[in-house]
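Down below is the structure, laid out as structure tokens.
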2 protein chains.
Amino acid sequence: MLIALRFDCVLSAKELAAVANIAPSTASEHLTKLTVAGLISCKKVGRSRLYSITDGDVCDLIDGITAHADRIGSRHEDKSRLPKAVKHSRLCLDHLGGELGCLVSNAMFSGGYLRHTPKGPEVTRDGEGWLSSHEIGKHFPNEHLRCPLRLCHDWTHGGYHLGGGIAAALLATFVERDWLRTRRGEIAVSLTPKGITGLGKTFGLDLRQVTG
Amino acid sequence: MLIALRFDCVLSAKELAAVANIAPSTASEHLTKLTVAGLISCKKVGRSRLYSITDGDVCDLIDGITAHADRIGSRHEDKSRLPKAVKHSRLCLDHLGGELGCLVSNAMFSGGYLRHTPKGPEVTRDGEGWLSSHEIGKHFPNEHLRCPLRLCHDWTHGGYHLGGGIAAALLATFVERDWLRTRRGEIAVSLTPKGITGLGKTFGLDLRQVTG
DNA sequence: ACAAAACTTCGGTAAATGCCGAAGCATGGC
DNA sequence: GCCATGCTTCGGCATTTACCGAAGTTTTGT
């Protein structure tokens, strides 16, 4: 349920019961436990109850646990079996991960558009200008519910890439400009020739290697 | 058990059974589970098995969960009932917390001795010089096992203070210089007149209010 | 070689947990 | 006003869990 919410931000009790594959009554009981524990919050809308993750701290908690699970789970897995494209650039839920995701993230920090704070990454004054000049909206779907920006531990690459609403908006822009292409149900993201120049100029990266 | 290990770094199965108040056989079973889950690691020494937390990522995980528990737990508590001294300066396991802990932490970041990175706080080149010039050892007990520096969410004050081995070494130095005094079994830390001037000069703080 | 210490494995028990279906409560549509 | 929908509460069942003590294993000390 928490992982489903980590992706979809807002889900009803019925939907959460469906993803967990349990009866609505069981789901209801479990959802109250999660709510009492402060992990999720509930909002009554009509005759539905819409649940979402309480705040960014809880998101980090969930990410930390899933990242740990990935580390443990992949301990005896052969990572080299992953297609090269997936290692290089892949979707992490609804934003960009893999080597390309980490490169973009690093470039935005070293370019002074983002900075690290004890509460996580933050958009600088420069960054706000940069985002709007590139027509990358500060506004994204479910803005009021979703963590705008966070760091995502990248288990295929060992670094960090950007997550949260702004990261999702970034990916949407890249796809819109045909710099990247995604296919429904596939985790791999393909970098177009246009993207090599576009992303390269925008972030000062040499991406000719990344297509692999 | 994990919280005990977060403080003591290395504990034997017997000791962990004692802190959890369960029979050695039960502890053994549980420790196996934690080990399989990759949360703790085991080292055979003589006839004992010494357990410690696997790595810094797991430390972060534990800290995140305890921090969340603090947030939730303190939601319906009356914080104002805490003695003023505890709110101002208190022990957080083996290092300095409370308002004073946060002030010292902030001063070290803004002084350029520490900086934030995605993996947590880091000592800068300046900071290393500063630490050694103040005779605050980079070396501390269990150095090889313990996280050297991390951020601790401070639930009495709402900010962050420093944790980890370096923070423990800092407190030890402050106590040694009689800037602060601790009493066995007590969480409150008292700031001496010497400390008001000493810490004040060292970190550029006006601490006359903090004694409260 | 023998005993003690530290830990694990095994068998059994009591408590907690997850789960479901039926019934009960709100809300929205007709 | 009435029914359908979405959710919760309740009672009860099956499974799982935590736990202990006894017995077994390895290592240390004498």
Side-chain angles (χ1 to χ4, degrees), chain A residues 1-55 58 61-62 65-66 68-69 72-73 75-76 141-142 144-146, chain B residues 1-54 58 61-62 65-66 68-69 72-73 75-76 141-142 144-145:
Chain A
M1 286 178 169
L2 291 173
I3 291 170
L5 281 172
R6 190 72 192 81
F7 178 31
D8 270 333
C9 304
V10 181
L11 290 168
S12 69
K14 194 188 185 182
E15 292 169 313
L16 287 164
V19 299
N21 203 26
I22 52 176
S25 57
T26 311
S28 173
E29 286 168 354
H30 191 66
L31 287 168
T32 25
K33 287 178 196 171
L34 292 177
T35 307
V36 170
L39 295 171
I40 58 177
S41 312
C42 182
K43 200 180 162 189
K44 287 183 73 169
V45 172
R47 49 190 157 184
S48 287
R49 305 225 165 162
L50 300 183
Y51 289 93
S52 49
I53 295 175
T54 307
D55 56 24
V58 178
L61 220 50
I62 297 166
I65 293 169
T66 51
H68 180 76
I72 298 306
R75 213 154 50 175
H76 300 293
N142 288 317
H144 56 298
L145 291 161
R146 188 165 189 191
Chain B
M1 285 178 168
L2 291 173
I3 290 170
L5 281 172
R6 191 72 191 81
F7 178 30
D8 270 333
C9 304
V10 181
L11 290 169
S12 68
K14 194 187 183 181
E15 292 169 314
L16 287 164
V19 299
N21 203 25
I22 52 176
S25 58
T26 311
S28 172
E29 284 168 355
H30 191 65
L31 288 168
T32 319
K33 287 177 195 170
L34 292 177
T35 307
V36 170
L39 296 171
I40 59 176
S41 313
C42 183
K43 200 181 161 190
K44 287 182 74 169
V45 172
R47 50 190 156 186
S48 286
R49 305 224 165 162
L50 300 184
Y51 289 93
S52 48
I53 295 174
T54 306
V58 177
L61 221 51
I62 297 167
I65 293 169
T66 51
H68 180 77
I72 298 306
R75 213 155 49 177
H76 300 293
N142 287 319
H144 55 298
L145 291 160

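Values below: every heavy atom of this structure, side chains too, minus hydrogens, waters and symmetry copies. Nothing here was measured: the structure is a model prediction, and the numbers come from that model.
- Residues A/Leu11 and A/Met1 fail the side-chain proximity criterion, which asks for heavy atoms closer than 4.5 Å.
- Looking at residues two or more places apart in sequence or on another chain, you find no side chain to side chain donor-acceptor pair (under 3.5 Å) involving B/Thr26.
- When the side chain to side chain donor-acceptor pair (under 3.5 Å) test is applied to B/His68, the partners found at least two apart in sequence or on another chain are B/Arg71.
- The rotation axes computed at either terminus of the helix from C/dA1-D/dT30 to C/dC30-D/dG1 lie 30° apart, taking five pairs at each end and rounding to 10 degrees.
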Walk along nucleotides 19-30 of chain D from 5' to 3' and tag each nucleotide B, S or - by protein heavy-atom contact under 4.0 Å, base first, then sugar-phosphate. BBBB----BB--

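- Here the shortest heavy-atom pairing between A/Ala37 and B/Ile72 reads O-CG1, 3.6 Å.
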For a quick test of your reading: what N or O donor-acceptor pairs under 3.5 Å do the side chains of residues 13-24 of chain A make, sequence neighbours left out?
unit_1, atom_1, unit_2, atom_2, d
A/Glu15, OE1, A/Ser12, N, 2.8
A/Glu15, OE1, A/Ser12, OG, 3.2

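- Closest heavy-atom contact between A/Val58 and A/Gly38: CG2-O, 4.0 Å.
- Contact annotation for B/Thr32: no contact, since no heavy-atom pair falls under 4.0 Å across all strands.
- For the side-chain contact (heavy atoms from CB on, under 4.5 Å) with B/Leu5, the lone residue among B/Leu34, B/Ile53, B/Leu39 that qualifies is B/Ile53.
- Nucleotides of DNA chain C lying under 4.0 Å from heavy atoms of chain B occupy a range whose first and last members, 5' to 3', are C/dA4 to C/dC10.
- Rounded to a whole Å, the CD atom of A/Glu15 is 16 Å from the P atom of D/dT5.
- The distance from the OG atom of A/Ser28 to the NZ atom of A/Lys33 is 11.0 Å, given to the nearest 0.5 Å.
- Rounded to the nearest 0.5 angstrom, A/Ile40 CD1 and A/Thr54 OG1 are separated by 7.5 Å.
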